[in-house]
J.: 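Quick one: structure below, then a few questions.
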Amino acid sequence: MSLSNSSARYGSLAKLFHWLTALGIFIMIPLGITANNAPNGNEAELAWKVQLFSAHKTLGIAVLVLAVIRIAWMLTQPKPAPLHPERKLETLAAETVHILLYGSLILVPISGWIEHAATTGFAPILWPLGQSLPFVPQSPALAETMAGAHIVLERVLVISLFLHIAGALKHAFVDRDQTLARMLPGQADIPETQTEQHAKLPIALALVAWVAAFGVAVILGVFDHGPAQSADLEQVETDWQVQSGELGLTIQQFGKPVAGAFETWTAAITYDETLPDGKIGTVEVTVSIGSVSIGSVTSQALGADYFDNAQFPTATFSADILRTDGAHHADGTLTLRGAALPLSFPFDLQLDGDSATMTASFALNRQDFGIGANMQDEGQLANTVDVNVALTATR
C-alpha cells in the first residue's frame, strides 16, 4: 500500500497517524479523569496521584506532537472525496467534526501545558523539555484560566469524538459503504473518485462551535475562580491603615518549592515610635484561609486533612510589638486550624513620617498545627513552611 493518499483511500501513513492518535486519546482522557478523582489522603495515595498526573501530562505532549505531524502530513495530501457527495448536510457535518477533532488535538494539550507552566505543581512532565514555557509567566490567575479552558476544550474533544465514532458506525452498519474501510488496515476495493478540496465553511462552523462552548462555560461559571470559599472579614479599627501588602508562604513538595499567598486578610495595628524601648504597639491579623492560592495544590490545601477551611475559615495572630535597641519583633499567639501556639519573630521596619514599611520572614512547622498530619514523609511534603510578610501602612 502506498504511503500517500489517493482520491479513493487514505495512505498507510495517514492510517498510522489516525490510529496512533486514537490510541493516545483513549488512554489520555481516562487517565486524566482517574488522576483528577484519585484520593490523596496519605503518602501512598498522593504518590500514586502524582504518577497518574505525570503520565497524563507526558502522554498529552506526545499526542500534541503526533497531532502536529499528522496535520502537517494531511495538508500535503489529497483528501479522498465523500462516498455520498449528494448528502450535502451530512458531508458538511462530518467535515466540521473533523476540524473540531484536529483543532482539539492541538488546543487541549496546549491549554494543559500552559496551565502546568503557569503554576508550581507537584506532577512533572516526564519528557526532558523542562517544566516551563517561553512567554508563560508564573501566574495563578493564568493557570486557573487555562485550567478552565482545558476543561472546555476537552469537552469539545469528547463530543466531537463521539460524533466521529457515531458517523463511522453509521457508515459501516447503516449505509454499509466503504467509508470506514478506507481508514482500516489493508486496501479496500473502492473506485477512484475526484479528490475533495479543503472547504472553508466547516472551519467557520468549528470556530462557532468553540465560541459557543466557551460561552456556555462562562454562563456555567467554569472560569469563576474567585475566593468563593473565602470568609468575609469585617473592617477593623486601626491606627495604621495597610495600603498594600503580601502574606505569602512557600512549601516544599517532592523537593521543589511551591509558592502561594493569602489574598484576604486584615491587620489592626497600634504603634508609637516615641515610646521607650519595650512594648510600643500591638498587632492583630485575621486571615481568610479560603483566600489562599498555592499553585496546583490549592484545592488539596483547603481540604480537611490540611487547612480544613470548612471548619476553620480564619486564622489569627495577636501580638505585642516590642523594640529593643532599635530592633523590632512581634511576640504573640498564632491560632490556626484550632491550635493556639506562641509565635515570635523579628521584623524590619522603615519609618518615613506617617508611612511605614514592614517586612518579615519566619518558618512554621505544619505538624504543630495538625496540617497534613498523615503526611510524614518530608520527601513528599516538608514540615517547614516559610512565611513572608510585607506591607506598607499609613498613620
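Only this structure's heavy atoms are used, side chains among them; waters, hydrogens and symmetry mates stay out. One-based numbering along the sequence shown.
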J.: Quick one: do F162 and L153 end up in the same hydrophobic cluster if we chain Ile, Leu, Val, Met, Phe, Trp and Tyr together by side-chain heavy atoms under 4.5 Å apart?
T.: yes
J.: To the nearest 0.5 Å, tell me how far T34 OG1 sits from I29 CD1.
T.: 11.5 Å
J.: Going only through I, L, V, M, F, W and Y residues with side-chain contacts under 4.5 Å, is there a path from F312 to I289?
T.: no
J.: Inspect the contact between K79 and E95 and indicate whether a charged nitrogen and a carboxylate oxygen are less than 4.0 angstrom apart.
T.: yes
J.: Let me confirm one number: the CD-OG distance from E263 to S293, rounded to the nearest 0.5 Å.
T.: 6.5 Å
J.: When rounded to the nearest 0.5 angstrom, what distance separates CD in Q376 from CG in L381?
T.: 10.0 Å
J.: Between P346 and A360, which heavy-atom pair has the shortest distance, and what is it?
T.: O-CB, 3.8 Å
J.: Would you confirm whether Q300, through its side chain, and N40, through its main-chain N or O, come within 3.5 Å as a donor-acceptor pair?
T.: no
J.: Suppose we screen for ring pair (Phe, Tyr, Trp, His ring centres under 6.0 Å). Which residues come up paired with F362, at least two apart in sequence or across chains?
T.: F345
J.: Taking the inter-plane angle between the rings of F262 and F307 on a 0 to 90° scale, is it parallel (under 30°), tilted (30 to 60°) or perpendicular (over 60°)?
T.: perpendicular
J.: Any side-chain to backbone donor/acceptor pair from E284 onto T316? Under 3.5 Å, distance only.
T.: no
J.: Rounded to the nearest 0.5 Å, how far does OG1 of T266 lie from CD1 of I269?
T.: 10.0 Å
J.: So which atom in A209 and which in L100 form the shortest heavy-atom distance, rounded to 0.1 Å?
T.: CB-CD2, 4.0 Å
J.: How close do L336 and A315 get, counting heavy atoms only, and between which atoms?
T.: CD1-CB, 3.8 Å
J.: Looking at side-chain heavy atoms only, is the closest gap between F254 and V50 below 4.5 Å?
T.: yes
J.: Looking at every heavy atom in both P80 and N5, which two are closest together, and how far apart are they?
T.: CD-ND2, 4.3 Å
J.: So among M375, R337, R366, which one has a side-chain contact (heavy atoms from CB on, under 4.5 Å) with Y306?
T.: M375
J.: Please say yes or no: joined through hydrophobic side-chain contacts below 4.5 Å, possibly via intermediate residues, are W48 and L46 part of one cluster?
T.: no
J.: Tell me if a side-chain donor or acceptor on W240 pairs with a main-chain N or O of Y271 at a distance below 3.5 Å.
T.: yes
J.: If I take atom CD1 from residue I61 and atom CG from residue L66, how far apart are they, to the nearest 0.5 angstrom?
T.: 13.0 Å
J.: Between Q367 and N383, is there a donor-acceptor pair closer than 3.5 Å when you use the side chain of the first and the backbone of the second?
T.: no
J.: Okay, side chain of D177, backbone of T179: is any donor-acceptor separation there less than 3.5 Å?
T.: yes
J.: Return the minimal non-hydrogen interatomic distance between A117 and L133, and the atom names on each side.
T.: CB-N, 3.7 Å
J.: Hey, is E90 close enough to K170 for a salt bridge, meaning N to O under 4.0 Å?
T.: yes
J.: Using 30° and 60° as the class boundaries, would you call the ring planes of F347 and H328 parallel, tilted or perpendicular?
T.: tilted
J.: So which residues get pulled into V208's cluster when ILVMFWY side chains under 4.5 Å apart are joined, directly or through others?
T.: none
J.: Report yes or no: does S344 contribute a side-chain atom to a donor-acceptor pair with the main-chain N or O of A330 at less than 3.5 Å?
T.: yes
J.: Atom CD of residue position E86 - does it have more than 12 heavy atoms of other residues, nucleotides or ligands inside 6.0 Å?
T.: yes
J.: Using the test salt bridge (charged side-chain N to carboxylate O under 4.0 Å, His left out), find all partners of D354 that sit at least two apart in sequence or belong to another chain.
T.: R395
J.: Please report the closest heavy-atom contact between W19 and L184, naming both atoms and the distance.
T.: CZ2-CD2, 3.9 Å
J.: Check this for me: W210, atom CH2, are more than 12 non-hydrogen atoms of other residues, nucleotides or ligands nearer than 6.0 Å?
T.: yes
J.: Hey, could you give me the CD1/OG distance between I159 and S104, rounded to the nearest 0.5 Å?
T.: 9.5 Å
J.: Counting N and O atoms only, with roles assigned by atom type, does the side chain of K49 sit under 3.5 Å from a partner on the main chain of P39, one being a donor and the other an acceptor?
T.: no
J.: Consider only side-chain N and O atoms of D352 and Q350, and report whether a donor and an acceptor are under 3.5 Å apart.
T.: no
J.: Taking side chain as C-beta onward, heavy atoms only, is T286 less than 4.5 Å from V236?
T.: no
